[in-house]
*Asks:* 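I'd like to ask some things about the structure below.
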Amino acid sequence: MIFIKIDQKAILKRYKPIDKFTHKGIQGHALIIAGSYGKIGAACLSAKAALKTGCGLVTAFIPECGYEIVQASIPEVMVLTDVEVKCISNITFEIIPEAIGIGPGMGQELATQNAFHQFLQTNAIHLVIDADGLNILSQNKSWLSLLKSKTILTPHPKELERLIGKWKTDEEKFSKTIAFSKKYNLIIVMKGAPTHIIDAETVYENSTGNAALATAGSGDVLTGMITSLLAQSYDAIDAAIIGVYLHGLTADIALPETGFQSFIASDIIKNIGKAFLTLEINTK
Ligand SMILES: NC(=O)C1=CN([C@@H]2O[C@H](COP(=O)(O)OP(=O)(O)OC[C@H]3O[C@@H](n4cnc5c(N)ncnc54)[C@H](OP(=O)(O)O)[C@@H]3O)[C@@H](O)[C@H]2O)[C@@H](O)CC1
Ligand SMILES: Nc1ncnc2c1ncn2[C@@H]1O[C@H](COP(=O)(O)OP(=O)(O)O)[C@@H](O)[C@H]1O
Ligand SMILES: [Mg+2]
């Protein structure tokens with residue numbers, strides 16, 4: 001195992017400042033496939049976070065019932081709807097995004113599982129899988145072999161347990177996750193306090209974040225942020241590392257104003273700009 005601590009210096013080596021002559025057409029298009037009846041908020045949070053992390057265009061693919069909710073709450077985001085009202089049942093689209101984030105609030109209806117399976121069989125676009133995308137994979141482990149090399153998985157501890165089974169010690173958790181990453185050639189964002197990013201034998205430990213992040217939707221936001229960085233053509237490992245670092249930093253920046261209790265997932269999104277600015281100041 002190779003252990004690397006991720007601090008500002010490590011981020012600055014990977015960070016690419018925005019080109020003066022860029023435009024939205026080359027700044028990356030992220031597609032967020034998320035949401036189900038009662039959990040359209042997860043799609044909103046993820047899509048908004050993707051935009052605020054710098055990609056040029058964001059499209060949300062959601063069940064029909066979420067159409068007005070997403071259009072009204074984030075007018076900058078484009079929306080494609082599934083044929084089903086309450087859940088995703090057929091993932092087809094004509095756009096060509098640079099990266100896709102799938103799973104937040106998606107639910108695990110049989111129709112959604114089948115749609116996800118179909119999607120994995122044909123998808124060739126860089127991918128981040130979270131929440132119900134992970135839960136569906138846990139129920140259908142043979143589908144893991146459909147994932148392209150360096151697909152990013154972002155499990156919280158329970159989702160990780162569903163994927164790799166129980167562990168007794170931290171050491172066992174790391175060795176099982178490393179083995180899983182190697183077996184399927186995946187990047188595992190092992191969310192926690194702190195979050196570790198596992199790429200085969202290399203374990204990156206994040207240095208930002210605090211308990212304010214223990215709030216509904218903070219993982220949904222992280223998925224949008226990493227997907228956005230992937231869409232901006234960061235390598236998968238850099239997108240995962242920078243996304244986790246900036247996500248944590250928003251909570252460190254906001255804490256003096258919000259305290260632990262009143263910080264909510266939208267405060268992560270609100271502070272992404274300030275988190276980026278700490279990098280800009282240091283590149284001048
Ligand atoms: N506004 C919206 O639309 C929102 C939508 N959301 C969407 O809801 C869906 C369900 O997601 P979910 O994560 O709430 O459910 P689930 O996978 O059963 O995990 C819960 C269990 O896992 C554990 N656990 C979790 N974290 C842990 C930790 N750090 N450390 C230790 N254990 C931890 C803990 O287990 P316990 O300790 O109780 O055994 C807990 O009870 C998903 O699609 C998501 O995107 C949400 O994002 C909310 C906002
Ligand atoms: N006590 C904590 N300290 C630091 N980070 C935390 C803490 N609790 C949760 N987080 C972070 O918040 C996020 C929670 O993600 P997740 O459980 O998927 O939330 P949700 O599904 O509600 O969006 C992860 O990035 C995790 O690392
Ligand atoms: Mg989650």
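Whatever order the structure lists them in is the order used to number ligands and atoms, beginning at 1. On a predicted model such as this, the values are computed, not experimentally measured, just so you know.
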*Asks:* Is a side-chain N or O of E172 found less than 3.5 angstrom from the main chain of W167, in a donor-acceptor match?
*Replies:* no

*Asks:* Please indicate, with yes or no, if any protein heavy atom is found under 4.0 Å from atom 16 (P) of ligand 1?
*Replies:* yes

*Asks:* Under 4.0 Å from atom 31 (C) of ligand 1, is there at least one protein heavy atom?
*Replies:* yes

*Asks:* Under 4.0 Å from atom 9 (C) of ligand 1, do we find at least one protein heavy atom?
*Replies:* yes

*Asks:* When you check the side-chain N and O atoms of S89 and D82, is any donor under 3.5 Å from an acceptor?
*Replies:* yes

*Asks:* Right, does atom 3 (O) of ligand 1 have protein non-hydrogen atoms nearer than 4.0 Å?
*Replies:* yes

*Asks:* Do K16 and Y234 form a cation-pi contact, if we require the NZ or CZ to be under 6.0 Å from the six-membered ring centre and within 45 degrees of the ring's axis?
*Replies:* yes

*Asks:* Are there protein heavy-atom neighbours of atom 41 (O) of ligand 1 below 4.0 Å?
*Replies:* no

*Asks:* Please state which option from G217, A42, G38 has its nearest heavy atom closest to atom 1 (N) of ligand 1.
*Replies:* A42

*Asks:* Can you confirm whether the side chains of N140 and Q113 place a donor and an acceptor under 3.5 Å from each other?
*Replies:* yes

*Asks:* For atom 44 (C) of ligand 1, which protein heavy atom lies nearest, and how many Å away is it?
*Replies:* G105 N, 3.7 Å

*Asks:* Is it the case that the side chains of T250 and N271 hold a donor-acceptor pair, with the cut-off being a distance below 3.5 Å and no angle test?
*Replies:* no

*Asks:* Distance under 4.0 Å to a non-hydrogen atom of G41: what atoms of ligand 1 satisfy this?
*Replies:* 3 (O)

*Asks:* What protein heavy atom lies closest to atom 29 (N) of ligand 1? Include the residue and the distance to one decimal.
*Replies:* P157 CD, 3.7 Å

*Asks:* Going by the rule side chain to side chain contact (heavy atoms under 4.5 Å, CB included), which residues pair with T208 if we only count those two or more places apart in sequence or in a different chain?
*Replies:* N206, Y245, L249, D252

*Asks:* Can you tell me the protein heavy atom closest to atom 47 (O) of ligand 1 and the distance?
*Replies:* D220 OD2, 2.8 Å

*Asks:* Name all residues meeting the ring-ring contact (aromatic ring centres under 6.0 Å, His included) criterion together with F119; count only those two or more places apart in sequence or in a different chain, and write none if there are none.
*Replies:* none

*Asks:* Between T227, I187, V189, which is the residue that forms a side chain to side chain contact (heavy atoms under 4.5 Å, CB included) with V128?
*Replies:* T227

*Asks:* Of the choices R162, H156, K158, which has the non-hydrogen atom that lies closest to atom 35 (O) of ligand 1?
*Replies:* K158

*Asks:* Name the closest protein heavy atom to atom 43 (O) of ligand 1, giving the residue it belongs to and the distance to 0.1 Å.
*Replies:* D132 OD2, 2.7 Å

*Asks:* Can you tell me which residues line ligand 2 if we count any heavy atom under 4.0 angstrom from one of its atoms, in chain and number order?
*Replies:* H156, K191, G192, A193, T195, N210, A211, L213, A214, A216, G217, S218, G219, D220, L222, H247

*Asks:* For Y37, what residues pass the side chain to side chain contact (heavy atoms under 4.5 Å, CB included) criterion, not counting sequence neighbours?
*Replies:* C65, K86

*Asks:* Among side-chain atoms of Y15 and Q8, is any donor-acceptor pair under 3.5 angstrom?
*Replies:* no

*Asks:* Angle between ring planes, F3 versus H196, binned at 30° and 60°: parallel, tilted or perpendicular?
*Replies:* tilted

*Asks:* Rounded to the nearest 0.5 Å, how far does CG of N210 lie from CZ of F260?
*Replies:* 5.0 Å

